[in-house]
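What follows is a short report on a single structure.
Hydrogens, waters and symmetry mates are skipped; everything else that's a heavy atom, side chains included, is used. Position 1 is the first residue of the sequence; numbering continues from there.
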Amino acid sequence: MYDLEKQLNPKHFFRANHQYIVNIDSILFLENYFRGKLILRLNSNAELTISKNKVPILKSWVGK
């Protein structure tokens with residue numbers, strides 16, 4: 001997964017967690033979760049939990 005992440009444009013792709021890399025165009029919205037975490041809702045009806053350590057990075061990436 002690390003090698004794939006390095007090949008993708010960081011303006012369009014974000015490593016959400018150990019299993020998922022997300023395209024910015026697939027994000028519907030971000031929703032606050034408990035203990036500083038976020039739920040990332042995607043247009044594929046998927047939900048990903050974003051750790052509190054990655055929340056500031058994700059918000060900066062999407063421009064929030």
Side-chain angles (χ1 to χ4, degrees):
M1 188 73 100
Y2 177 79
D3 292 335
L4 176 61
E5 180 183 13
K6 292 299 174 193
Q7 295 175 27
L8 298 172
N9 185 339
K11 292 181 182 179
H12 302 285
F13 294 92
F14 177 76
R15 181 78 178 261
N17 57 36
H18 294 291
Q19 294 179 319
Y20 294 97
I21 296 175
V22 176
N23 183 302
I24 196 164
D25 294 330
S26 68
I27 298 173
L28 291 178
F29 59 92
L30 305 173
E31 184 177 323
N32 288 323
Y33 199 48
F34 70 97
R35 297 185 187 199
K37 297 179 183 178
L38 285 178
I39 296 291
L40 182 62
R41 299 209 188 256
L42 305 176
N43 59 15
S44 64
N45 294 325
E47 293 181 359
L48 302 177
T49 303
I50 306 300
S51 71
K52 67 180 179 179
N53 295 336
K54 285 210 171 199
V55 167
I57 300 165
L58 175 63
K59 286 183 174 181
S60 174
W61 179 69
V62 297
K64 294 198 174 212

Closest approach of [X] to [Y] (non-hydrogen atoms, all atoms of both residues):
X: Gln19; Y: Met1; answer: O-CE, 2.8 Å
X: Gly36; Y: Val55; answer: O-CG2, 3.3 Å
X: Lys59; Y: Leu38; answer: CE-CD1, 4.0 Å

When you group the ILVMFWY residues by side-chain heavy-atom contacts below 4.5 Å and let the links chain together, are [Y] and [X] in the same group?
X: Tyr33; Y: Leu40; result: no
X: Ile50; Y: Tyr20; result: yes
X: Leu30; Y: Ile21; result: no

Review point. Is the count of non-hydrogen atoms from other residues, nucleotides or ligands lying under 6.0 Å from Asn45 atom CG greater than 12?
Key: no
**Study point:** Neighbour count above 12 (heavy atom, 6.0 Å) for Tyr2 OH
**Key:** no
Exercise for review: Could you go through the side-chain contact (heavy atoms from CB on, under 4.5 Å) check for Ile27 and Trp61 one step at a time?
Suggested key: CA-CA 12 Å; Ile27 298 173; Trp61 179 69; 3.6 Å; yes
Exercise for review: Carefully, step by step, assess Ile39 and Thr49 under the rule side-chain contact (heavy atoms from CB on, under 4.5 Å).
Suggested key: CA-CA 5 Å; Ile39 296 291; Thr49 303; 3.6 Å; yes
Point to revise | Distance (rounded to the nearest 0.5 Å) between Leu58 CG and Arg15 CZ | key: 14.0 Å
Review point. Atom CG in Asn43, atom CZ in Phe29: separation rounded to 0.5 Å?
Key: 11.5 Å
Check your understanding: Given the rule in the side-chain contact (heavy atoms from CB on, under 4.5 Å) test, do Asn23 and Phe13 qualify, once you have shown the distances and angles that lead to the verdict?
Key -> CA-CA 5 Å; Asn23 183 302; Phe13 294 92; 3.4 Å; yes
Review point. Does the side-chain contact (heavy atoms from CB on, under 4.5 Å) test come out yes or no for Ile57 and Phe14, once each step is laid out?
Key: CA-CA 9 Å; Ile57 300 165; Phe14 177 76; 3.6 Å; yes
